[in-house]
Amino acid sequence: MAEEKSLNFLEEIIENDLKSGRYRSIVTRFPPEPNGYLHMGHATSICLNFGLTKKYGGYTNLRFDDTNPTTEETEFVQSIKDDVRWLGFEWKNELYASDYFEELYLFAIKLIRKGCAYVDDSDSETIAAEKGTPTQAGVNSKFRDRSVEENLQLFEDMKAGKFKDGERVLRAKIDMAHPNMLMRDPLMYRIKHAHHHRTGDKWCIYPMYDFAHGQSDSIEHITHSICTLEFVPHRELYDWFIEQLDIFPSHQYEFARRNLSYTVMSKRKLLQLVNEKHVEGWDDPRMPTISAFRRRGYTAAAIRDFCDRVGIAKRENVADLSLLEFCVREDLNKIALRRMVVFDPLKIVLTNYTNENELVSVEDNPEDTNGGFRDVPFSKELYIEQEDFIENPPKKFFRLFPGGMVRLKGAYIIKCDEVIKDDTGKIIQLNCSYIPESKSGNDTSNIKVKGTLHWVSVEHAVTAEVRLYDRLFKAEDPSNEEGNFKDYINEDSLQIISTVYGEPALKNAVAEERYQFLRKGYFTLDKDSSEEKMIFNRTVTLKDTWAREVKKV
RNA sequence: UGCCUGAUAGUAUAAGGGUAGUACGUCAGAUUUUGGUUCUGAAUGUCUUGGUUCGAAUCCAGGUCGGGCAACCA
């Protein structure tokens, strides 16, 4: 009997709502602002919102929170849709806060009529000053007590474009002494003579987040409006507008934003990394954006699994990058095709080898019992990794050394007989002998070796470029370190090896397919690849217990 | 000297008055034609002080520490 997975606090709320009959099914929404690319934090929100309706019945809308025309662009709308789809979720309706501009405008008029809103002529400095501070009450604006008629007229003039940016705002009339600063006559509308990515030049007044989000939720009958912790103080305002307007009572629930170790997650900081060219773009594989993870070779399943395993709660957190890496390795181990690729070649010559055109058969994926095999050409001259040979090996080193034996994966056991160096003492070639009766699958040699190496035939090798990525930051939580987060950028986060040597099957690599370069890590073809040149991104390394062993010394 | 909010192994998350559990990470071992995978085992935790109770991570009171709130951003 499988243990029942415990519920997170939102699932509990929903189950109670369903049980009590408050709702028969639920509606959630994912509400990104189209002013940047989605990142891992959004992935958590996406998995949460879509996951909840999948689990409990109902649906999820995709709603773009596009109330600020000066920062928002269609480019981002497209990338967001791509990312949500790629993550494996389908929204019920594609919506925009701008779809509701007319309705929102009517809501504003309703509040003016009720005496709950007024037009303020003060400039932003004055309004800010009059707002007071967290420990000090604000004071009323001198425009606070205008008549309903005057307010109506002024608001219409605002809409009609009779004022310049910043000359007037519409504010809710609540309480300038309220302990919650958001309740001190918050702005509802501001004037922006700006082109909107969807409504064009139709409007020159735009609703503020607080006057758009809750009402949009309400219009869509969102039952559970889930957002991050920084909006907790907004909930009071959210409820106030809904109550004053007497519209469908959506409810807001807050959870803690998801952070990831060794990176930053705020859009502002990510934008800086892009603009200041610390990375190549939003989908630079070192970025924590969804498009970057995709390009790097992460699978949607792995990301979903990660979000699932981390869970959600209400306390601030920094999730371990190693958990994400575990999730992607676990998925990739099952699906990646194995290939042999030598990064840093050391030539070996099998002095006693005389066969011609020999092929050895190697499994594509040992985890897959139905998996296929491929033929790999074997020959007298092979490449192995430089690091797989040490002249004076440390203890527990079971790769190749003078007089030592190793198996070449899928082929024969070889013995190192002679080390050849150039004038500078650099090792340039190994002369080895192979054990003919040790062929894989047909081994009658009775020789036991500890090490198995990957290799490629010199004559048959195909070349490619590999890009090896490391964490973008040296600090676990760069935002919380002393000084600027950029001081902690890892200068070695990208290592390019322009020529590596792969077995011929590598030539058939296709986009989207995942590969495990034996003993090297998981790789996928990068979009920069061309007919002439294959470029592979390292998605993640293999777990390397030997590297850890070496480090200990 | 305001308001809101949070605190469980290194990290993340359970336990909702009754054995503090799970995952990742760490360490040790077994298996292995990838030093991968798989398997086994171990170490490590309830912010603090009181109170209620047969019994408290859980309820109550005080304290400590962290986060958010003074954008015509979302």
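Convention: sequence-line order gives letters A, B, ...; per-chain numbering from 1.
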Trainee: What's A/V169 touching, base or sugar-phosphate or nothing? Going by heavy atoms closer than 4.0 Å.
Mentor: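 Answer is base: heavy atoms of A/V169 come under 4.0 Å of a base.
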Trainee: For B/rU22, which nucleotide is its Watson-Crick or G-U wobble mate, given both distances must be under 3.5 Å?
Mentor: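 Partner of B/rU22: B/rA12.
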Trainee: Report the nucleotide, chosen from B/rC73, B/rA23, B/rC72, that has the shortest atom-to-atom distance to any side-chain atom of A/S124.
Mentor: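 Of the candidates, B/rC72 comes closest.
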Trainee: Check every atom of B/rA74, B/rG25, B/rA14 against the side chain of A/N8 and return the nucleotide holding the closest atom.
Mentor: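 Between B/rA74, B/rG25, B/rA14, the one nearest the side chain of A/N8 would be B/rA14.
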Trainee: Are the charged groups of A/R144 and A/E130 less than 4.0 angstrom apart, N to O?
Mentor: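 No.
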Trainee: Before accepting this row, confirm whether a basic side-chain N of the pair A/K55/A/E11 lies closer than 4.0 Å to the acidic partner's carboxylate O.
Mentor: yes
Trainee: Between B/rA20 and B/rU58, how far apart are the two C1' atoms, rounded to whole Å?
Mentor: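 Looking at atom C1' only, B/rA20 and B/rU58 are 11 Å apart.
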Trainee: Which nucleotide sits closest to the side chain of A/M208: B/rC73, B/rG67, B/rG35?
Mentor: B/rC73
Trainee: Confirm from the modelled atom types if A/E330 and B/rU37 form a donor-acceptor pair under 3.5 Å, side chain to base only.
Mentor: no
Trainee: For A/H454, report the nucleic acid contact type (base, sugar-phosphate, nothing); a contact means any heavy atom under 4.0 Å.
Mentor: nothing
Trainee: Donor-acceptor pair under 3.5 Å: do we get one between A/E367's side chain and the base of B/rG36?
Mentor: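 Pair found.
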Trainee: For A/E33, answer base if it contacts any base atom (sugar-phosphate contacts may also be present), sugar-phosphate if it contacts only those atoms, and nothing otherwise; contact means non-hydrogen atoms under 4.0 Å.
Mentor: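 It contacts sugar-phosphate atoms only.
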Trainee: What does A/R519 touch in the nucleic acid at a heavy-atom separation under 4.0 angstrom: a base, only the sugar-phosphate, or nothing?
Mentor: base
Trainee: Using Watson-Crick or G-U wobble geometry with both distances below 3.5 Å, tell me the partner of B/rA7, or none.
Mentor: B/rU64
Trainee: OP1 or OP2 of B/rG35 versus the side-chain N and O atoms of A/R399: is any pair under 4.0 Å?
Mentor: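 No, no such contact exists.
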Trainee: Would you tell me if any nitrogen or oxygen in the side chain of A/K267 comes within less than 4.0 Å of OP1 or OP2 on B/rC73?
Mentor: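 For B/rC73, neither OP1 nor OP2 has a side-chain N or O of A/K267 closer than 4.0 Å.
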Trainee: Could you check which nucleotide pairs with B/rC69 in any of the strands shown, counting Watson-Crick or G-U wobble with both distances under 3.5 Å?
Mentor: B/rG2
Trainee: For the side chain of A/M181, counting heavy atoms from C-beta on, which of B/rU13, B/rG35, B/rA70 is nearest?
Mentor: B/rA70
Trainee: Does A/K142 have more than 12 heavy atoms from other residues, nucleotides or ligands lying within 6.0 Å of its NZ?
Mentor: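 Incorrect, the count does not exceed 12.
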Trainee: Distance check needed: B/rU11 C1' versus A/R258 CZ, whole Å only.
Mentor: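 Distance check: A/R258 CZ to B/rU11 C1' gives 11 Å.
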Trainee: Heavy atoms under 4.0 Å, any strand shown: does A/S122 hit a base, just sugar-phosphate, or nothing?
Mentor: base
Trainee: Give A/V318 one of three labels, base, sugar-phosphate or nothing, depending on what nucleic acid heavy atoms sit under 4.0 Å from its own.
Mentor: sugar-phosphate
Trainee: Classify A/E476 by what it touches in the nucleic acid, base, sugar-phosphate, or nothing, heavy-atom distance under 4.0 Å.
Mentor: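 Counting heavy atoms under 4.0 Å across all strands, no contact is made by A/E476.
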Trainee: Between B/rU37, B/rC3, B/rA74, spot the one nearest the side chain of A/K543, thanks.
Mentor: B/rU37
Trainee: Would you say the rings of A/F64 and A/Y96 are close, in the sense that their centroids are separated by under 6.0 Å?
Mentor: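 So the answer is yes for these two rings.
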Trainee: Would you say the ring centroid of A/F107 lies under 6.0 angstrom from that of A/F241?
Mentor: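 Ring centres of A/F241 and A/F107 not closer than 6.0 Å.
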Trainee: Under 6.0 Å between ring centres, would you say that holds for A/F231 and A/Y209?
Mentor: yes
Trainee: For A/Y209 and B/rA74, do the ring centres fall under 5.5 Å apart while the planes stay under 30° apart?
Mentor: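 Base of B/rA74: not stacked against A/Y209.
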Trainee: Is the A/F517 ring parallel, tilted or perpendicular to the A/F523 ring (thresholds 30°, 60°)?
Mentor: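 Rings of A/F517 and A/F523: parallel, as their planes differ by under 30°.
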Trainee: Of all the nucleotides listed (B/rU33, B/rA12, B/rG36), which has the minimum atom distance to the side chain of A/N317?
Mentor: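 Closest nucleotide to the A/N317 side chain: B/rA12.
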Trainee: Is any side-chain N or O of A/D320 under 3.5 Å from a base N or O of B/rG10, one able to act as donor and the other as acceptor?
Mentor: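 Indeed there is one.
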Trainee: Counting only side-chain N and O atoms of A/S261, is one of them less than 4.0 Å from OP1 or OP2 of B/rU11?
Mentor: no
Trainee: As a test of reading the structure: which of B/rU37, B/rC24, B/rG16 is closest to the side chain of A/E12, going by heavy atoms?
Mentor: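 Looking only at side-chain atoms, A/E12 lies closest to B/rG16.
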Trainee: Side chain of A/F326 only, please: which of B/rG25, B/rG36, B/rU34 is the nearest?
Mentor: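 Shortest atom-to-atom distance from the side chain points to B/rG25.
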Trainee: Determine the contact category for A/T133: base if any of its heavy atoms lies under 4.0 Å from a base atom, sugar-phosphate if only primed atoms, P, OP1 or OP2 are that close, otherwise nothing.
Mentor: base
Trainee: Going by purine N1 to pyrimidine N3 plus the second Watson-Crick contact, or the G-U wobble pair, all under 3.5 Å, which nucleotide sits opposite B/rU46?
Mentor: none
Trainee: Any base atoms under 4.0 Å from A/Y206, or only sugar-phosphate, or nothing? Heavy atoms, all strands.
Mentor: nothing
Trainee: Looking at the side chain of A/K131, which of B/rA70, B/rC24, B/rU33 is the nearest nucleotide?
Mentor: B/rA70
Trainee: For the P atoms, the ones on B/rA57 and on B/rA15, what distance do you get once it is rounded to whole angstrom?
Mentor: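 Taking atom P in both B/rA57 and B/rA15, they lie 15 Å apart.
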Trainee: Here's a test of your reading of the structure: between A/S322 and A/F9, which maps to the more 5' nucleotide of RNA chain B?
Mentor: A/F9
Trainee: How close or far is atom P of B/rC24 from atom CG of A/D305, stated in whole angstroms?
Mentor: 10 Å
Trainee: Any salt bridge between A/R29 and A/E220, counting N to O under 4.0 Å?
Mentor: no
Trainee: Quick one, A/D320 and A/E325 - any side-chain contact, counting heavy atoms below 4.5 Å?
Mentor: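 SC-SC contact between A/D320 and A/E325 ruled out.
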Trainee: Expressed as a whole number of Å, how far does the P atom of B/rU22 sit from that of B/rG41?
Mentor: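 Here B/rU22 and B/rG41 have their P atoms 11 Å from each other.
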Trainee: Under 4.0 Å, counting only non-hydrogen atoms across every strand here, what does A/G138 touch: a base, just sugar-phosphate, or nothing?
Mentor: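 Nothing: the residue A/G138, judged by heavy atoms under 4.0 Å, touches no strand.
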Trainee: Is it the case that over 12 heavy atoms from other parts of the model lie below 6.0 angstrom from the CZ atom of A/R374?
Mentor: yes
Trainee: Taking atom types as they are modelled, is there a donor-acceptor pair under 3.5 Å from the base of B/rU34 to the side chain of A/R338?
Mentor: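 Checked by distance alone, the answer is yes.
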Trainee: Please tell me if A/R548 has a side-chain N or O lying less than 4.0 Å from either OP1 or OP2 of B/rC27.
Mentor: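 Answer is yes, contact under 4.0 Å.
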Trainee: Report the residue (A/R190 or A/A128) whose heavy-atom-nearest nucleotide on RNA chain B is the more 5′ of the two.
Mentor: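 It is A/A128 whose nearest nucleotide is closer to the 5' end.
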Trainee: Scan A/G441 against the nucleic acid and name what it touches under 4.0 Å (heavy atoms): base, sugar-phosphate only, or nothing.
Mentor: base
Trainee: Take atom NZ of A/K164 and atom C1' of B/rC72, then tell me their distance rounded to the nearest Å.
Mentor: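 Answer to the nearest Å: 16 Å.
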Trainee: What does A/I312 touch in the nucleic acid at a heavy-atom separation under 4.0 angstrom: a base, only the sugar-phosphate, or nothing?
Mentor: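 Since only primed, P, OP1 and OP2 atoms lie under 4.0 Å of A/I312, the category is sugar-phosphate.
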Trainee: What is the distance from CZ of A/F398 to P of B/rU34, rounded to the nearest Å?
Mentor: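 Checked: the CZ to P distance equals 10 Å.
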Trainee: Rounding to an integer number of Å, can you tell me how far A/L229 CG sits from B/rA7 P?
Mentor: 10 Å
Trainee: Would you say B/rA74 has OP1 or OP2 under 4.0 Å from some side-chain N or O of A/T71?
Mentor: no
Trainee: Rounded to the nearest angstrom, tell me the gap between atom OH in A/Y262 and atom P in B/rG10.
Mentor: 15 Å
Trainee: Please classify the nucleic acid contact of A/F397 as base, sugar-phosphate, or nothing, using heavy-atom distances under 4.0 Å.
Mentor: base
Trainee: Between atom CD in A/E325 and atom P in B/rG25, what is the gap in whole Å?
Mentor: 10 Å
Trainee: Can you tell me the distance, in whole Å, between the CG atom of A/L518 and the C1' atom of B/rU37?
Mentor: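 These atoms are roughly 12 Å apart.
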Trainee: In whole angstrom, give me the gap between the C1' atoms of B/rC47 and B/rA7.
Mentor: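 These two C1' atoms come out 7 Å apart once rounded.
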Trainee: For A/P366, which contact category applies under a 4.0 Å heavy-atom criterion: base, sugar-phosphate, or nothing?
Mentor: base
